[in-house]
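First comes the structure, then the notes that go with it.
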2 protein chains.
Amino acid sequence: MDEVARAAGVSISTVSYALSGKRPVSVATRQRVERAVADLGYSPNARARMLAARRTQIFALTEPLRPDTHAPTHMAFVLAASIAARRKEYDILLLTEAEASAGMQRVADSGLVDAILVLDVAPNDERVGLSRAIDTPTVFIGVPTDTAGLVCVDLDFAAATRRAVDALADAGHTRIGLLGHTPEAYELSNFPPRVRDAFRHCSAERGVTAQVRIPDGPGAASERFRRAASDLIEGGATGILVQGNEEAHLSVLAEAERRGLRIPADLSLLSLAATHDTGSLPVPLTAIPLVPQDSCDLAVELAARLAAGEKVAPGIRLIDPLFVDRGSIASPAASPTRPTA
Amino acid sequence: MDEVARAAGVSISTVSYALSGKRPVSVATRQRVERAVADLGYSPNARARMLAARRTQIFALTEPLRPDTHAPTHMAFVLAASIAARRKEYDILLLTEAEASAGMQRVADSGLVDAILVLDVAPNDERVGLSRAIDTPTVFIGVPTDTAGLVCVDLDFAAATRRAVDALADAGHTRIGLLGHTPEAYELSNFPPRVRDAFRHCSAERGVTAQVRIPDGPGAASERFRRAASDLIEGGATGILVQGNEEAHLSVLAEAERRGLRIPADLSLLSLAATHDTGSLPVPLTAIPLVPQDSCDLAVELAARLAAGEKVAPGIRLIDPLFVDRGSIASPAASPTRPTA
DNA sequence: TTGAAAGCGCTACCAT
DNA sequence: ATGGTAGCGCTTTCAA
């Protein structure tokens with residue numbers, strides 16, 4: 001930087017200001033600095049900047065990354081967070097230690113990062129308590145049980161579920177089903193219970209009969225999904241809300257095909273809170289998707305503000321659900337007799 | 001740190017040495033320092049340490065993360081790299097920008113990281129040229145076409161393939177098949193061609209008839225895999241080397257079941273270079289796996305040495321393949337007439 | 001609009 | 001075995 005200053009015939013502080021723009025610099029001077037920078041191939045030293053500015057321009061992203069987690073979904077969130085962060089001149093440091101708290105504590109204590117983004121939030125997440133104990137601002141992508149004092153971001157699952165129930169009820173369905181998540185997901189993840197409860201609640205309000213079927217029992221995952229879908233259809237459901245990953249969706253479609261049910265003529269389907277592309281399935285599905293980029297954009301926005309020292313009111317920021325119509329919902333078949341396998 | 005020094009009644013440099021261990025410190029002093037550290041809840045400032053020590057204890061991990069990449073595999077490598085790095089006191093900074101080179105250039109120029117790990121290496125990867133132009137040490141996990149001057153780490157695919165061919169040939173198979181990767185993988189990834197060529201070469205050497213079948217044509221991925229397996233069996237292959245992800249493996253097993261072929265009595269199967277657990281498939285498969293942790297451990301080891309200023313000879317470090325016998329290989333059925341669908 | 005200089009909080013060299 | 005101290009390469013306050 002010293003060399004740049006000499007080459008441009010200005011002081012070192014003027015170079016700093018010319019580059020950061022934190023102080024007005026005359027056009028002539030700025031150009032001389034820019035030329036010197038280009039000529040010398042100068043680029044500022046991140047380490048020195050970090051120490052002097054007291055910020056690293058790095059966010060930590062904590063994600064336990066258990067072996068059983070659904071990789072594509074997590075990858076989507078990591079990618080989305082990374083993209084959002086770069087837009088605001090931040091880099092992402094990955095924290096994947098077995099004990100999620102250890103890494104968080106470490107980067108907080110050492111001042112290695114300006115803020116922490118918490119992914120894959122469990123209802124009773126150990127990182128919740130820790131975030132209250134450290135000085136580094138923390139933003140949760142997902143909503144744990146106890147949110148006191150926390151900054152959380154998530155899809156508005158209640159609104160999404162209501163919208164989904166309404167879509168089926170509006171089309172005339174009176175018996176609707178929810179294909180649930182796996183039993184474990186109700187323990188480890190934060191939103192499945194919220195969706196289930198909202199589903200029951202909204203269905204009651206709309207006066208439609210609601211069934212929830214969890215994919216459990218023996219067999220491979222696809223078999224459990226298929227069986228769950230089968231049970232819902234047997235139970236009289238003419239419209240089903242499908243949750244889960246691509247495999248779950250494919251299994252439901254496979255079961256419909258097995259029974260010779262056309263979509264949406266014989267069976268209405270709506271994908272709820274999926275992160276994969278439900279438009280490229282064998283039968284494109286109308287969907288209320290969970291868009292990682294939306295959550296991550298907002299989370300990064302809040303993290304950046306907190307890192308800049310701005311006050312951000314604790315609380316839960318819910319993202320409005322998006323409704324993507326792909327024509328997989330219709331009125332239930334007029335005839336009560338429907339073809340079965 | 002100043003406070004700790006005063007509390008312990010020593011100089012600030014002694015505190016530094018007591019904590020880093022870079023200079024012998026008497027037991028008594030060390031204990032006084034440790035007490036002071038504990039009492040004051042002191043933890044060293046990472047930013048200051050970075051500037052003074054001229055290293056950040058951070059490795060960049062560049063991974064394009066295209067939407068079409070197989071998420072579970074990439075995730076496995078990211079996790080493995082993270083674990084390996086933490087063992088050596090390094091953190092991982094994720095670089096996933098669309099133009100992989102931009103991020104690499106940036107962290108190199110600013111001195112933000114001590115070394116760069118390159119994942120998902122394409123045969124003609126743009127990061128190869130860049131790595132030669134920057135000062136930051138770089139380690140490739142995968143082998144590009146032009147490796148001059150590079151430090152690369154990878155599974156010894158040639159040895160793995162030879163071992164696989166030998167296993168089938170030793171069991172008495174005279175017609176063996178290779179279930180190839182998808183056509184795109186041969187362009188974007190670096191090892192599929194190596195395996196294919198080694199397969200043909202080794203088969204010729206062993207005097208066994210080799211068929212390679214690429215899963216292409218219409219239909220879903222699983223359908224293409226199934227068809228490829230079917231073609232190999234129709235072609236007379238009594239032993240098949242299975243590559244690819246879990247779906248590919250499942251498809252081959254499904255096709256075998258469809259034809260009523262028992263494994264290994266009627267058909268021998270060997271999984272080659274898979275990153276998922278081939279022991280938990282419906283039929284556990286004998287395998288020569290690709291173990292992300294092995295590659296990442298070695299890569300991190302080399303990166304750490306380079307970061308420490310040690311000389312590391314450029315070149316390709318190949319990892320010895322592991323052979324995991326799960327009993328899915330047997331002698332080919334004595335009778336030339338085998339049941340077919 | 002610009003410059004001078006005091007840090008930022010450590011590391012590591014030079015002493016003793 | 002320990003202490004003093006000069007940087008590391010920036011940012012930012014205070015002055016002009």
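Residue numbers start from 1 in every chain, and the chains themselves are labelled A, B, ... in the order their sequence lines are given, proteins ahead of strands. As the structure is a prediction and not an experimental result, all values here were calculated from the model.
Between the CZ atom of B/R23 and the C1' atom of D/dG4 there is a distance of 10 Å, given to the nearest Å. Atom CD1 of A/I12 and atom C1' of C/dA4 are 11 Å apart (whole Å). Separating the CZ atom of B/R55 from the C1' atom of D/dG9 is a distance of 18 Å, rounded to the nearest angstrom. The distance between atom OH of A/Y17 and atom C1' of D/dA15, rounded to the nearest whole Å, is 12 Å. Rounded to whole Å, the distance from NZ on B/K22 to P on D/dA1 is 18 Å. Atom CZ in A/R6 sits about 14 Å away from atom P in C/dG3, given to the nearest Å. In this structure, B/R47 places its CZ atom 17 Å from P of D/dC10, rounding to the nearest Å. In this structure, the CG atom of A/L51 is 4 Å from the C1' atom of C/dC8, given to the nearest Å.
In this model, no donor atom of one side chain and acceptor atom of the other lie less than 3.5 Å apart for B/S13 and B/S16.
Taking the nucleotide of DNA chain D with the nearest heavy atom to each of B/P24 and B/A53, the more 5' of the two is matched to B/P24.
With salt bridges taken as basic N to acidic carboxylate O contacts below 4.0 Å, none links A/D120 and A/R127. Using a cutoff of 4.0 Å between basic side-chain nitrogens and carboxylate oxygens, A/R132 and A/D146 are scored as salt-bridged.
Closest approach to the B/Y42 side chain among D/dT2, C/dC10, C/dG3 is made by C/dC10 (side chain taken as heavy atoms from C-beta onward). Residue B/V10 has its side chain nearest to D/dG3 when only C/dT2, C/dG9, D/dG3 are considered. With distances taken from any side-chain atom of A/S13 to the nucleotides C/dA4, C/dG9, D/dG3, the minimum falls on C/dA4. Of the candidates C/dC10, C/dT1, D/dG9, C/dT1 carries the atom nearest the A/S26 side chain, counting heavy atoms from C-beta on.
The phosphate of D/dC10 has neither OP1 nor OP2 within less than 4.0 Å of any side-chain N or O from A/S16. Using a 4.0 Å cut-off, some side-chain N or O of A/R49 falls inside it from OP1 or OP2 of D/dT11. Close to D/dT2, at under 4.0 Å from its OP1 or OP2, lies no side-chain N or O of B/T14.
Side-chain atoms of B/S11 and base atoms of D/dG4 include no donor and acceptor less than 3.5 Å apart.
Looking at heavy-atom distances under 4.0 Å, A/T29 makes contact with sugar-phosphate atoms alone, never a base.
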Starting from the C-alpha separation in whole Å, work towards a yes-or-no answer on salt bridge (Lys or Arg N to Asp or Glu O under 4.0 Å) for B/R106 and A/D91.
CA-CA 11 Å; B/R106 183 171 56 83; A/D91 272 297; 2.7 Å; yes
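A distance of 10.5 Å separates CG of A/L95 from CG of A/L117, quoted to the nearest 0.5 Å.
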